[in-house]
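Data first, discussion second: the structure below is written as structure tokens.
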Number of protein chains: 2
Amino acid sequence: MSNPDKSGSANRSDKTADFETLCRKAGLKVTPQRLAVHKALIESKDHPSADMLYRRIKNVIPNISFDTVNRTLLTLAEIGAALVVEGTGDVKRFDGTLRKHQHFRCVKCKRIFDIDHTDFDDIPVPREIGTKFTVTRTTVYFEGFCDACMMVPHK
Amino acid sequence: MSNPDKSGSANRSDKTADFETLCRKAGLKVTPQRLAVHKALIESKDHPSADMLYRRIKNVIPNISFDTVNRTLLTLAEIGAALVVEGTGDVKRFDGTLRKHQHFRCVKCKRIFDIDHTDFDDIPVPREIGTKFTVTRTTVYFEGFCDACMMVPHK
DNA sequence: CTCTGTGCAAACACTTTGCAGCTAA
DNA sequence: TTAGCTGCAAAGTGTTTGCACAGAG
């Protein structure tokens, strides 16, 4: 925990440098706000919401607006510098099928499709998870583009 | 479509009867609204939101309120007559860790924990999914109660 | 200098809560 | 009868959009 970086790959400045490169490659300007959002995100281990990050970043750039944080996060996700935790951000969706199955979600049209792949019906809960958490649900979850959305150009 | 039921297990009235039994067992009253919501849900294959179902049920019970539909769905999920699609209903949560990993989400406190179980890092996309969808993300996803939330009584 | 990004504010969409009258049991 | 359910209304929370000014390239 006190050990700064075990990933073996890059320290924080390296990550920032990589991020700057990524921005330029994507045609995005490197602004203090973007750097701050990126830095705060990679330092956060709690999968923060836009609001949680906003409050943290305010300590660094007091007059940053929530909208900038929110929009920047969305931008980071688009250029691949951040991930949106699977499923989050959608309205609640219900399923009346109680039989064990999996879901595929189209990130474009938001449709959710049932997947019945019995190999995935009994994924065992690894010991290290089962002892720390009480797992009530284990699913294999797919995201991507459905056939209809693949036909129209993205964006 | 005109074919009533191919599931082989139970026809619609059976499912409704089962649902009534489940309600009584849970100490819930069997109301026309609950029956209508349940019926509409199990007939829907598109993982509807409360609003989507509300509009459908309005055709059957024109003066039903959105709130009843919404609350009923939440109730169904509680008694195990419906499922909330994994992750949905939460605010967007971001992740700055790009390395392949999995998530455990506590349904009570909404905290999300990283899981690093390398066995799950390379779940192959089944042929029948890959040909129909363009999968950009495959994850094993866990839900349940974290240790802290297990200590306090649920509800 | 130019064009993108930022900050502010308003509009929206979804969810939750409280309460009075209604109804299943 | 009576506890629980429904419908209505309001408030709360998170997200999106439009626009004028500021700042990166």
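Everything numeric here is computed off the predicted structure, so don't read it as measured data. So you know, we letter chains A, B, ... as the sequences are listed, proteins then strands, and number each from 1.
Taking the centre and axis of the six-membered ring of F113(A), the NZ or CZ atom of K132(B) falls inside the cone set by 45° and 6.0 Å.
Across its full length, the helix from dC1(C)-dG25(D) to dA25(C)-dT1(D) shows an angle of 40° between the axes of its 5 terminal pairs at either end, rounded to 10 degrees.
Within 4.0 Å of N70(B), counting heavy atoms only, lies at least one base atom of the nucleic acid.
Per the geometry, NZ belonging to K110(B) stands 14 Å off P belonging to dT13(D), to the nearest Å. Separating the CG atom of L35(A) from the C1' atom of dA24(D) is a distance of 12 Å, rounded to the nearest angstrom. Straight-line distance from the CG atom of L74(B) to the C1' atom of dG4(D): 17 Å, rounded to whole Å. Counting to the nearest Å, the P atom of dT16(C) and the CD atom of E78(B) are 11 Å from each other. Between the C1' atom of dG5(C) and the CZ atom of R34(A) lies a distance of 6 Å, rounded to the nearest Å. Atom OH of Y54(A) is separated from atom C1' of dG14(D) by 14 Å (rounded to the nearest Å). Put simply, CZ on F66(B) is 7 Å from C1' on dC14(C), counting in whole angstrom units. Taking atom CG of D51(B) as the reference point, atom C1' of dA13(C) lies 9 Å away to the nearest angstrom.
Using a 4.0 Å cut-off, no side-chain N or O of T68(A) falls inside it from OP1 or OP2 of dT6(C). Distances shown here put a side-chain N or O of Q33(A) below 4.0 Å from the OP1 or OP2 atom of dG7(C).
Proximity of a side-chain donor or acceptor of T139(A) to a complementary backbone N or O of Q102(A) within less than 3.5 Å is not detected. Between the side chain of R137(A) and the backbone N or O of E143(B), no donor-acceptor pair lies under 3.5 Å. Formation of a donor-acceptor pair under 3.5 Å by the T118(B) side chain with backbone atoms of D121(B) is not found in this model. A distance-only check finds a donor-acceptor pair linking the side chain of R93(B) to the backbone of K110(B) [under 3.5 Å]. A donor-acceptor contact shorter than 3.5 Å is absent between the side chain of H101(B) and the backbone of D114(B).
By the 30° and 60° cut-offs, the orientation of the rings of F120(A) relative to F142(A) is tilted.
Across I61(A) and P32(A), no two heavy atoms sit closer than the pair CD1-O, 3.9 Å.
The side chain of V91(B) has dT15(D) as its nearest neighbour among dT15(D), dG7(C), dG7(D). Residue K92(B) places its side chain closer to dT15(D) than to any other of dT6(C), dG7(D), dT15(D).
Put simply, the side chain of I115(B) reaches to within 4.5 Å of the side chain of F133(A), judged on heavy atoms.
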Contact pattern, 5' to 3', of nucleotides 17-25 of chain C - B, S or - by protein heavy atom under 4.0 Å: BB-----BS
